[in-house]
Amino acid sequence: MKVKVIKSSEGEALDIELEEDFLKANEKIANLNRKMFNRYNVKVFDIMGSIGSGKTTIIERLVEILKEKYRIGVIAGDTSTTIDAERISKYGVPSIQINTGKECHLDALMVRKAAKNLLRKNIDIIFIENVGNLICPADFPLGAHKRIVVVSVTEGEYMIKKKQDIFRVADIGVINKKDMAVYMGIDINSLVRDALEANPNIKVVVTSAKTGEGIRELINLLELKI
Ligand code: MG
Ligand code: ZN
């Protein structure tokens with residue numbers, strides 16, 4: 001399937017430096033997005049995390065399992081490449097790449113545009129892969145029903161402690177690359193504790209997107225049925 005690419009034009013993206021008004025505007029659009037998603041009866045998931053944490057691979061595993069039962073669409077954010085949307089489109093699901101240029105996060109307006117494209121295709125689920133970054137996506141809700149933050153054990157033992165904000169806004173924390181923990185000398189339990197310390201309400205799942213471990217548990221947390 002061919003990948004559609006949307007480039008965010010200069011000045012169109014909401015810039016965090018322009019502060020509060022833009023954050024408020026973003027939040028308004030996010031609320032409108034949520035209403036639109038509900039009207040179309042689509043469940044939307046915002047997947048955030050650093051470059052290399054395994055966001056795309058997790059989406060691939062989810063799509064493999066869920067595509068028999070649901071019509072899925074994917075919106076992938078990246079500053080300049082179309083790698084992620086192309087990877088996912090190989091599974092035969094409509095995938096839209098948003099190229100954000102200088103912006104290091106997706107905002108609600110960019111997602112609204114892309115989502116409108118997908119909603120025409122009568123889909124049930126949209127996975128949004130946010131731009132690889134653990135900082136400003138936290139400030140830009142997109143209207144998704146659940147926000148998921150992915151970290152991998154290869155990001156080191158202090159990753160969660162240093163990025164608490166994104167854990168505070170997330171509903172689900174995914175600790176990925178479990179298979180690498182032994183090589184990295186990482187204690188997964190302490191990462192789980194760090195996530196819960198940042199946000200006592202977060203649901204945490206440990207996965208290895210490579211082997212598929214934990215993916216069904218993640219699907220449960222997304223409240224999707226298989
Ligand atoms: Mg990716
Ligand atoms: Zn940003």
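All values below come from the heavy atoms of this structure, side chains included, with hydrogens, waters and symmetry mates left out. Quantities reported herein were computed from a predicted structural model and do not represent experimental measurements. Note that ligands are numbered from 1 as they come in the structure, with each ligand's atoms numbered from 1 the same way. This chain uses plain numbering: 1 for the first residue, then up along the sequence.
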**OP:** Check the side chains of S190 and E157 for a donor-acceptor pair under 3.5 angstrom, ignoring hydrogens and angles.
**Re:** no

Subject >> Minimal non-hydrogen separation, P94 against I72, with atom names >> reply: CD-O, 3.3 Å

Subject >> Metal-centred angle, SG of C136 through the Zn ion (ligand 2) to SG of C104, rounded to 10 degrees >> reply: 100°

**OP:** Specify which N/O/S atom of H105 comes nearest to the Zn ion (ligand 2), by atom name.
**Re:** ND1

**OP:** Fit a plane to each ring of H105 and F140, take the angle between them on a 0 to 90° scale, and name the class: parallel (under 30°), tilted (30 to 60°) or perpendicular (over 60°).
**Re:** parallel

Subject >> Under-4.0 Å salt bridge between E223 and K146 >> reply: yes

Subject >> OG1 (T56) to the Mg ion (ligand 1) to OE2 (E129) angle, given to the nearest 10 degrees >> reply: 90°

